> 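Pasting a structure here, questions to come.
Worth knowing before you read on, the calculation uses all heavy atoms, side chains too, and leaves out hydrogens, waters and symmetry mates. In the text below, chain A, chain B and the rest are named by the order of the sequence lines, each starting its count at 1. What you see is a predicted model; the values in this text were computed from it and never measured.
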Protein chains: 2
Amino acid sequence: MTSSKTDLRVIRTRKLIMDAFIALSSKKEFKDITVKDITTEAMINRATFYYHFEDIYDLLEKVLSEVLLINLNDDFLHHNELNEGAFLILFKAITNFQKSLSNRCHRGYEETIARIIREQLEIIFYKMLVKQNAASENGALKMTAVILSWGIYGASIEWRTSNQEMQPEEFIKPVIPYLLAGIDGQHKNE
Amino acid sequence: MTSSKTDLRVIRTRKLIMDAFIALSSKKEFKDITVKDITTEAMINRATFYYHFEDIYDLLEKVLSEVLLINLNDDFLHHNELNEGAFLILFKAITNFQKSLSNRCHRGYEETIARIIREQLEIIFYKMLVKQNAASENGALKMTAVILSWGIYGASIEWRTSNQEMQPEEFIKPVIPYLLAGIDGQHKNE
DNA sequence: TTTGAATTGTTGTTTATACAACACTTTGAA
DNA sequence: TTCAAAGTGTTGTATAAACAACAATTCAAA
């Protein structure tokens, strides 16, 4: 741990900016939000914004991945085994996240959001896979993580566009055996 | 106007501290709130607290007078004549303020609060009186303001301790003619 | 197309705030 | 009572953030 505590001002300012952005997102569409809007709401100087974030897209990315990670960390990372229950919790978290997004009017940025979600999923899957098979070859685990992340993300899109009335659990449950089989299969090939 | 704009950081920090204090006040009693509690909630350093406020009583005083002033400014200072309607609005604002205080568990500090309310009332009455009779002697107006502020404050205490079911308006209405007569009487003596 | 206003990024200087350390007081339990 | 823990209030130094000014884009309206 290189725990060189970050300055309280940095933590506070980041929080103020992110909170301001989230608050604004529920009032306007993303494309209508300017940096000045955010800094005014957050009560910080505009130059300070650029001290913390490259631009407004960088902020979007960090807010989204943080919200998603909070969604996950709470009830996922404790059950650290990649079994049926884990997939159910994970899929539910993603669909919840997407519901909260659509409430916040982030339309028109699906591509950015998609990339962020998928990247986060890949990171999570990879961590879980490494934890479970420390011995396996790294490249193979990475590839498995890639495939799982795209697959699960795609499933969540499918759920969102067609079957929102169906519960996420029942939506994903039928394919979980297939996913697990893939992981196990890879196992045996090592 | 000596409008040497105050630094945005000062405004923001004061707001963070006051908001944190108000938030804590709805969870704990005043006597159980420490400076550390406030600064933690506000995400500021403890030393910064002392840069802005002498101590926790100073903060209490400033929060209370600010809340009261907001209560008043909104619907009072626009009707800038000291007639029956003005007294009604003013009395209603004070009783509202006292209700919000008791919700926030500030018991045990009635004396401090009383002083703050009365001082604010005196300031307001004095301003109104000066506006209405610019020609009159200053000392007499000040004395009138003192008497009115103690009187109205006392009436609000009387209302609070005995008759909370009665509407503030009907409670104060009967004595307003007397108050107005006093003001007019003073007028004629000039 | 041109113009003017709004927005984006950036930089140098000043200042408010974080941090750590300190002595002192208050509090509560052994 | 005695002791440890928690709270108060202060100070010197390091640094994040405010501010003002700037050039460069973007964009809507004339």
> Compute whether any side-chain donor of one residue and acceptor of the other, for A:Asp58 and A:Tyr50, lie under 3.5 angstrom apart.
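Per modelled atom types, A:Asp58 and A:Tyr50 side chains form no pair under 3.5 Å.
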
> Each nucleotide N or O in nucleotides 4-11 of chain C that has a protein N or O under 3.5 Å away: list the pair and distance.
| from | atom 1 | to | atom 2 | distance (Å) |
| --- | --- | --- | --- | --- |
| C:dT8 | OP1 | A:Val35 | N | 3.4 |
| C:dT8 | OP2 | A:Val35 | N | 3.3 |
| C:dG9 | N7 | A:Arg46 | NH1 | 2.9 |
| C:dG9 | O6 | A:Arg46 | NH2 | 3.1 |

> Which heavy-atom pair separates B:Glu41 from B:Ala20 by the least distance, and what is that distance?
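Closest pair (atom of B:Glu41, atom of B:Ala20, distance): CG-CB, 3.4 Å.
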
> Give a yes/no on whether any side-chain N or O of B:Thr48 is located under 4.0 angstrom from OP1 or OP2 of C:dA16.
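No, outside the criterion.
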
> Between B:Thr13 (side chain only) and B:Val10 (backbone N and O only), is there a donor and an acceptor less than 3.5 Å apart?
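Looks like no, no N/O pair under 3.5 Å.
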
> Quickly work out the B:Lys31 NZ to C:dT26 C1' distance and round it to whole Å.
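In whole Å, C:dT26 C1' lies 15 Å from B:Lys31 NZ.
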
> Applying a strict under-4.5 Å side-chain criterion to I, L, V, M, F, W and Y, I'd like to know whether A:Leu82 and A:Leu88 cluster together.
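A:Leu82 and A:Leu88: one cluster.
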
> Mind calculating the distance between CZ (A:Phe49) and C1' (D:dC19) to the nearest angstrom?
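Between C1' of D:dC19 and CZ of A:Phe49: 18 Å.
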
> Please state whether the rings of A:Phe91 and A:Trp159 are parallel, tilted or perpendicular, taking 30° and 60° as the class boundaries.
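A:Phe91 and A:Trp159: perpendicular rings.
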
> Would you kindly give the CG-to-P distance between A:Asn45 and C:dT14, to the nearest whole Å?
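Whole-Å distance recorded here is 16 Å.
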
> Return no unless some side-chain N or O of B:His52 is found under 4.0 Å from OP1 or OP2 of C:dA16.
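No.
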
> Of B:Leu8 and A:Tyr51, whose nearest nucleotide on DNA chain D comes first from the 5' end?
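Going by which nucleotide is closer to the 5' end, it is A:Tyr51.
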
> Side chain of A:Asp7 only, heavy atoms from C-beta on: which candidate in D:dA16, D:dA18, C:dT17 is closest?
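Selected nucleotide: D:dA16.
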
> For the atom pair CD (A:Glu119) and CG (A:Leu121), what is the distance rounded to the nearest 0.5 Å?
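Here the rounded value is 10.0 Å.
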
> Between C:dC19, D:dA18, D:dA16, which nucleotide gets closest to the side-chain atoms of A:Ile44?
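Within the option list, the nearest is D:dA18.
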
> When you measure only distances, ignoring hydrogens and angles, does the side chain of A:Arg9 come within 3.5 Å of the base of C:dT17 through a donor and an acceptor?
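Yes.
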
> CD1/B:Ile44 to NE2/B:His52 distance, rounded to the nearest 0.5 angstrom?
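Going from CD1 on B:Ile44 over to NE2 on B:His52, the span is 7.0 Å.
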
> Output the rounded distance in Å from CD1 (A:Ile17) to C1' (D:dA16).
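Distance, rounded to whole Å: 12 Å.
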
> Using whole Å, what does the distance between atom P of nucleotide D:dT8 and atom CZ of B:Phe53 come to?
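So the CZ-P distance, B:Phe53 to D:dT8, works out to 15 Å.
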
